[in-house]
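For reference, the structure is listed below as structure tokens.
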Amino acid sequence: MNVEKLEGMTNKELLEEVKNRGFFVSKVPPTQSGKIFTADVKQMSGNKFRFGVVSCTHIGSKYQQLTHLHTFYDLCKRRGASVILHCGDLVDGEKIYRGQEYELFLHGADAQVDYAVENYPKIKGISTKVIMGNHDESYWRTSGVNVVKEICEKREDMDYLGDYLAYVQMGGIKVAIMHSGGGVAYSRSYKPQKIVEQLSSDSKPHMIFIGHWHVTCYIPQYRNVETYSIGAFQSQTPYLVRAGLNPNVSGLICEVVTDKTGLKSVKSEWIPFYVPIKNDY
């Protein structure tokens, strides 16, 4: 086989070619290391810090809410938040469920990566820390492409922290960002509560932010953890209509005060966008 043909192959085609030549091929699964990273969060005054949280932006979906996402980032800038945590599903991916291809305006990993690099909010003085979600992972499953990592490598203001779970040291406290699974429970607080119950005492963060369910919820001081379910920047898709679910298009701004013992106080402000924008792409 000539070099030109090899260069034109996708990752999946290359793997098939190697297997056809008699080699054993094994794809390493995404890591869920839960490593601890440090965020250079802006100090407001004394030991007061402010940061934003988003999730489930689903870039590439016809139902993305990119304009509202830009508005949220602009507001974070005005409020003095220098770091925004992203709880996964940066892009919409493909083949998540039957019929999803009809809900996309961008098809393929390259198209969604290039569009996100070009159009995801970029504001001087704000960095975004992001983990992989299940929609992002769809390209890893089908072709071995980590789209979140590729996007972050092409954006100086975005940092890839891993898959599904990461810990971030911010202003002396430990913050967890997580992308969970499954559907919304009958009670919004049920699944976040169960997640916190399973945290070992020696690994508990001061705050945990969970993406995936597209609905908001706040549970204060449960096992001494401030627990949040984060909304989405994607409006109601045909899939969600069939499931009888309507997402909360929103972001979150947190203001925390810390001391030598850890978290001293926390203020949370949900920034909702009640009216979704049609064809926001």
Side-chain angles (χ1 to χ4, degrees), residues 29-39 41 49 51-57 83-90 96 129-137 148 161-232 240 243-248 250-270 272:
T31 59
Q32 300 182 28
S33 59
K35 290 183 179 179
I36 299 178
F37 300 85
T38 300
V41 61
F49 305 89
F51 59 94
V53 188
V54 300
S55 187
C56 303
T57 47
V83 172
I84 295 180
L85 306 177
H86 192 306
C87 301
D89 282 355
L90 177 59
I96 304 297
K129 316 294 183 183
V130 58
I131 58 174
M132 177 192 285
N134 64 302
H135 279 251
D136 305 311
E137 189 194 22
V148 179
L161 302 189
D163 310 317
Y164 291 102
L165 174 67
Y167 294 95
V168 184
Q169 290 287 354
M170 299 176 60
I173 62 171
K174 185 179 180 182
V175 175
I177 55 176
M178 179 181 184
H179 196 88
S180 189
V184 180
Y186 178 77
S187 171
R188 290 189 181 188
S189 64
Y190 178 78
K191 286 191 173 181
Q193 178 180 333
K194 290 300 178 182
I195 287 171
V196 174
E197 286 177 359
Q198 298 304 312
L199 296 172
S200 63
S201 298
D202 60 348
S203 66
K204 281 194 308 178
H206 296 87
M207 309 176 79
I208 185 169
F209 302 95
I210 308 168
H212 179 68
W213 301 306
H214 292 208
V215 296
T216 57
C217 180
Y218 172 44
I219 309 173
Q221 294 181 283
Y222 190 61
R223 293 193 70 205
N224 290 331
V225 179
E226 303 292 319
T227 305
Y228 300 82
S229 170
I230 305 300
L240 292 179
L245 299 173
N246 197 25
N248 297 137
S250 62
L252 176 69
I253 297 177
C254 288
E255 181 181 289
V256 300
V257 177
T258 65
D259 61 16
K260 61 183 180 180
T261 64
L263 187 62
K264 186 176 181 181
S265 70
V266 58
K267 294 181 181 178
S268 308
E269 181 182 7
W270 297 104

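Of all heavy-atom pairs between I195 and S180, the closest is CD1-OG, 3.8 Å.
Remark: T216 engages N248 in a side chain to side chain donor-acceptor pair (under 3.5 Å) (not counting sequence neighbours). Partners of H86 according to the ring pair (Phe, Tyr, Trp, His ring centres under 6.0 Å) rule, which considers only residues two or more places apart in sequence or in another chain, do not exist here. Every side-chain contact (heavy atoms from CB on, under 4.5 Å) that D259 has, sequence neighbours left out, goes to T261, K264. By the side chain to side chain donor-acceptor pair (under 3.5 Å) test, H214 pairs with H58, sequence neighbours left out. With sequence neighbours left out, S265 forms a side chain to side chain donor-acceptor pair (under 3.5 Å) with no residue at all. Not counting sequence neighbours, the partners of S201 by the side-chain contact (heavy atoms from CB on, under 4.5 Å) test are R223. Remark: E255 pairs with K48, R50 by the salt bridge (Lys or Arg N to Asp or Glu O under 4.0 Å) rule, at least two apart or across chains. When the ring pair (Phe, Tyr, Trp, His ring centres under 6.0 Å) test is applied to Y190, no partner is found at least two apart in sequence or on another chain. Here Q169 pairs with nothing under the side chain to side chain donor-acceptor pair (under 3.5 Å) rule; sequence neighbours left out. Contacts of F49 classified as ring pair (Phe, Tyr, Trp, His ring centres under 6.0 Å), with partners at least two apart in sequence or in another chain: none. Under the salt bridge (Lys or Arg N to Asp or Glu O under 4.0 Å) criterion, K194 pairs with E197, sequence neighbours left out.
Sorted by first and then second residue, the salt bridge (Lys or Arg N to Asp or Glu O under 4.0 Å) pairs with a member in residues 174-192 form an empty list; sequence neighbours excluded.
Of the N and O atoms on the side chains of H179 and N134, at least one donor lies less than 3.5 Å from an acceptor on the other residue.
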* To do: Evaluate the side chain to side chain contact (heavy atoms under 4.5 Å, CB included) criterion for residues V215 and S229: first the C-alpha distance (whole Å), next the side-chain angles of each, then the deciding distance (0.1 Å), finally the verdict.
  => CA-CA 7 Å; V215 296; S229 170; 4.2 Å; yes
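Below 30°, between 30° and 60°, or above 60°: for Y228 and F209 the angle between ring planes is below 30°, a parallel geometry.
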